There are 2 protein chains.
Amino acid sequence: MEEHQAIRALSALAHESRLRIFRLLTRHGTEGLAAGKIAEQLELPAATLSFHIKELSNAGLVLDRREGRSVLYSLNADGMQNFLSFLLDDCCGGQPELCGPLYQLKPKPRRKRASKEA
Amino acid sequence: MEEHQAIRALSALAHESRLRIFRLLTRHGTEGLAAGKIAEQLELPAATLSFHIKELSNAGLVLDRREGRSVLYSLNADGMQNFLSFLLDDCCGGQPELCGPLYQLKPKPRRKRASKEA
DNA sequence: TCCATGTTTCCATTATTATCGAAATGTCGA
DNA sequence: TCGACATTTCGATAATAATGGAAACATGGA
């Protein structure tokens with residue numbers, strides 16, 4: 001994951017509504033949750049929800065799929081791992097003591113996919 | 001770490017210059033680096049550097065100390081750990097598979113300090 | 001085809017954040 | 001105390017992000 005994409009992910013999560021969306025999706029696995037349900041639970045107007053979830057989507061943190069009239073959103077495990085790896089590489093690579101108990105797991109090198117990178 | 005503080009940390013890192021400051025500090029341990037040196041290395045005007053580094057400081061991610069005429073900045077290990085814990089709690093707590101190899105380390109509960117929480 | 005339902009796009013408005021020169025503040029040495 | 005140096009604050013301006021109603025688009029059922 002390159003810097004630019006990491007910044008998108010950080011920005012995406014750096015907003016109250018979006019962090020809530022993220023946390024909500026965290027509890028709904030690969031099945032995910034319909035846009036309408038998310039909007040309902042978080043009491044957001046449809047247009048606002050749509051705007052924010054697109055932000056998360058562009059950042060590579062959520063996936064969407066249509067199912068009937070609904071669009072279901074779920075977390076993107078690959079995206080999350082890339083993002084977390086990026087952060088941890090910096091912290092634990094440069095100053096392992098920053099990561100405390102997270103230290104042990106950092107030997108894993110950042111993986112590179114064939115071409116999919118946007 | 002509560003949501004509000006986590007959002008500050010995410011916002012703080014979600015900016016090209018600030019992410020670079022962070023990464024630079026990562027390579028300078030507890031000794032840290034003077035404001036002027038950071039500005040020089042990143043080619044930022046002093047006022048701009050000062051603005052951004054305050055953002056990181058408010059987010060609890062960096063520490064500052066004066067030494068002679070200089071102000072030295074370094075990463076705040078406590079702040080980083082709280083921040084990373086917050087993120088990992090959500091991901092690995094809700095959907096462990098998101099964290100992949102990071103999974104193992106999550107049994108650790110979020111620690112709570114006596115009163116320092118802002 | 002027509003309608004109800006679910007979602008997204010458009011777009012105007014408002015709010016927040018970034019930029020950086022100039023002035024102010026703090027520190028040291030002479 | 002003065003002057004050089006290091007950094008921060010001020011303040012005006014520019015750039016970017018958020019909000020949400022209304023209109024457009026997509027889907028499925030009758």
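Computed from a predicted structure; not experimentally measured. Computed from heavy atoms alone, side chains included, the values below leave out hydrogens, waters and symmetry copies. The sequence lines fix the lettering, A, B, ..., with proteins before strands; numbering per chain opens at 1.
- In this structure, CG of A:N58 is placed 12 Å from P of C:dT8, rounded to the nearest angstrom.
- Taking all atoms of both residues into account, the shortest heavy-atom contact from A:A12 to A:A59 is CB-CB, 3.8 Å.
- Closest of all the heavy-atom pairs between B:L33 and B:H28 is CD1-ND1, 3.6 Å.
- At the heavy-atom level, B:A46 lies under 4.0 Å from base atoms of the strands shown.
- Note on B:R18: a side-chain N or O is less than 4.0 Å away from OP1 or OP2 of C:dA18.
- We find that CG of A:D64 is positioned 12 Å from P of C:dT7, with the value rounded to whole Å.
- Residue B:S50 places no side-chain N or O under 4.0 Å from the OP1 or OP2 atom of D:dT7.
- Taking all atoms of both residues into account, the shortest heavy-atom contact from B:F51 to B:R18 is CE2-NH1, 4.3 Å.
- Applying the 4.0 Å criterion to OP1 and OP2 of D:dA17, one finds that A:H52 has every side-chain N and O outside that range.
- Residue contacts shown for A:S70 are limited to sugar-phosphate atoms, with no base heavy atom under 4.0 Å away.
- Between the P atom of D:dA17 and the CG atom of B:L10 lies a distance of 16 Å, rounded to the nearest Å.
- Within 4.0 Å (heavy atoms only), B:A34 reaches sugar-phosphate atoms of the nucleic acid but no base atom.
- Between B:E40 atom CD and D:dA6 atom P there is a gap of 10 Å when expressed in whole angstrom units.
- Between A:E43 atom CD and D:dT19 atom P the separation is 14 Å, expressed in whole Å.
- Taking every side-chain heavy atom of A:F51 into account, D:dA18 is the closest of C:dT19, D:dT8, D:dA18.
- Of the two residues near DNA chain D, A:R66 and A:S17, the one whose nearest nucleotide lies more 5' is A:S17.
- Proximity of B:Y73 to the phosphate of D:dT8: a side-chain N or O atom is located under 4.0 Å from OP1 or OP2.
- The listed nucleotides are C:dC20, D:dG20, D:dA18; the one nearest the side chain of A:P45 is D:dG20.
- The 5' end of DNA chain D is approached more closely, in terms of each residue's nearest nucleotide, by A:H15 than by the other of A:G68 and A:H15.
- Computed from coordinates, the B:E67 CD to D:dT7 P distance equals 11 Å when rounded to whole Å.
- Ion pairing of A:R23 with B:E3 is present here, as a side-chain N (NZ or NE/NH1/NH2) and a carboxylate O approach within less than 4.0 Å.
- Using a 4.5 Å heavy-atom cutoff, the side chains of B:F83 and B:L88 are not in contact.
- Whole-Å rounding puts the B:E55 CD to C:dC20 P distance at 16 Å.
- Rounded to whole Å, atom C1' of D:dT19 lies 17 Å from atom CD1 of A:I53.
- For B:S17 against B:L44, the heavy-atom pair with the smallest separation is OG-CD2, 3.9 Å.
- Distance from the side chain of B:A47 is smallest for D:dT9 among the nucleotides D:dT9, D:dT19, D:dT27.
- Salt-bridge annotation for A:R65 and A:E31: present, with a side-chain N of the basic residue lying under 4.0 Å from a carboxylate O of the acidic one.
- With contacts defined as side-chain heavy-atom distances shorter than 4.5 Å, the pair A:I38/A:Y73 qualifies.
- Axis angle across the helix from C:dT1-D:dA30 to C:dA30-D:dT1, with five pairs used at each end and values rounded to 10°: 20°.
- Counting only heavy atoms from C-beta on, B:R69 has its side chain closest to D:dA6 among D:dG20, D:dA6, C:dG6.
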